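Labels below follow one simple rule: chain letters A, B, ... track the order of the sequence lines, proteins then strands, and each chain is numbered from 1. Everything numeric here is computed off the predicted structure, so don't read it as measured data.
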Amino acid sequence: DAMVIQNPRYQVTQFGKPVTLSCSQTLNHNVMYWYQQKSSQAPKLLFHYYDKDFNNEADTPDNFQSRRPNTSFCFLDIRSPGLGDAAMYLCATSSTGTETGELFFGEGSRLTVL
Amino acid sequence: RKEVEQDPGPFNVPEGATVAFNCTYSNSASQSFFWYRQDCRKEPKLLMSVYSSGNEDGRFTAQLNRASQYISLLIRDSKLSDSATYLCVVGLDNYGQNFVFGPGTRLSVLP
């Protein structure tokens with residue numbers, strides 16, 4: 001069973017039309033991440049939540065916002081998508097209480113901007 | 001200097017070959033180390049955690065050299081299904097929050 005679930009798997013939007021991507025997890029992990037991955041590049045961290053504490057990366061544009069209403073859910077809001085925001089968006093979780101602390105990824109949401 | 005660097009690739013090898021990937025990291029305080037595998041248009045999946053003592057899982061062997069700040073992945077008897085991008089991931093702390101990704105090395109195993 002999937003432990004990190006992302007919806008939608010594929011999202012097509014128009015230039016400037018807001019988009020929300022969701023992520024839910026059944027692992028009860030306290031840390032949740034959003035990564036952006038473009039073709040042939042490594043995932044790029046946008047921000048992460050450590051419990052309720054929001055940690056934004058310095059180079060994440062203001063166009064990207066996030067919400068974590070509870071432990072299980074996290075949302076990525078793209079307020080005004082541009083053509084350059086077309087990418088795979090990966091949600092991941094980790095736990096600070098585990099021995100190895102690896103990242104668990106969802107299957108990703110692929111965003112197309114027309 | 002990038003925080004995590006990997007062999008640029010791509011690696012094109014015949015089935016049955018042995019292939020080794022290298023990864024170096026710049027932060028000597030790094031605490032945890034991983035190899036992830038990512039298939040085309042899929043999410044990264046954990047292949048192996050890497051420990052100082054080295055670890056092996058079937059055809060895969062990972063090594064960590066803290067003194068040289070170097071991680072390796074060896075794949076023996078490569079299969080067509082091993083074709084993927086291999087990402088070296090370094091955890092900067094023991095708190096499970098800060099991970100740095102290498103750029104990835106692409107492997108194609110050819111029939």
### Message
Is there a side chain to side chain contact (heavy atoms under 4.5 Å, CB included) between Leu103(A) and Phe101(B)? Walk through the geometry before answering.
### Response
CA-CA 11 Å; Leu103(A) 286 163; Phe101(B) 282 73; 3.8 Å; yes
### Query
Where is the tightest heavy-atom contact between Pro44(B) and Phe105(A), given as atom of each residue plus distance?
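Where Pro44(B) meets Phe105(A) most closely, the heavy atoms are O-CD1, 3.5 Å.
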### Query
Side-chain contact, heavy-atom cut-off 4.5 Å: Gln38(B) with Gln37(A)?
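In contact.
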### Message
Looking at Asp62(A), I'd like to know if its CG atom is crowded, meaning that more than 12 non-hydrogen atoms belonging to other residues, nucleotides or ligands lie closer than 6.0 Å.
### Response
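Count not over threshold, so no.
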### Query
Counting only heavy atoms not in Arg68(A), do more than 12 sit closer than 6.0 Å to its CZ atom?
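It does: Arg68(A) CZ has more than 12 such atoms within range.
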### Task
Calculate, to the nearest 0.5 Å, the distance between atoms CZ and CD belonging to Phe33(B) and Glu102(A) respectively.
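With rounding to 0.5 Å, CZ (Phe33(B)) is 14.5 Å from CD (Glu102(A)).
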### Task
Give, for atom CG of Asn98(B) and atom OH of Tyr50(A), the distance between the pair rounded to the nearest 0.5 Å.
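Output value for this atom pair is 11.0 Å.
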### Query
Which region of Arg41(B), side chain (C-beta onward) or backbone (N, CA, C, O), has a non-hydrogen atom less than 4.5 Å from a non-hydrogen atom of chain A, or is it both or neither?
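For Arg41(B), heavy atoms of backbone and side chain both lie under 4.5 Å from chain A.
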### Task
Could you tell me which portion of Tyr36(B) (side chain, backbone, both or neither) has an atom closer than 4.5 angstrom to a non-hydrogen atom of chain A?
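When you check distances to chain A, only side chain atoms of Tyr36(B) fall under 4.5 Å.
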Determine, using the 4.5 Å side-chain heavy-atom cutoff (strictly less than), whether [X] and [Y] are members of one ILVMFWY cluster.
{"X": "Met32(A)", "Y": "Val4(A)", "result": "no"}
{"X": "Phe75(A)", "Y": "Leu21(A)", "result": "no"}
{"X": "Phe15(A)", "Y": "Ile78(A)", "result": "yes"}
{"X": "Val19(B)", "Y": "Tyr86(B)", "result": "yes"}
{"X": "Phe21(B)", "Y": "Leu80(B)", "result": "yes"}

### Top contributor to chain A interface from Lys42(B), Glu43(B), Lys45(B) [non-hydrogen pairs under 4.5 Å]
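Most pairs with chain A among the choices: Glu43(B).
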### Message
Suppose a student defines contact as a heavy atom less than 4.5 Å from any heavy atom of chain B. Which residues in residues 106-114 of chain A would they list?
### Response
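Expected list: Gly106(A), Glu107(A), Arg110(A).
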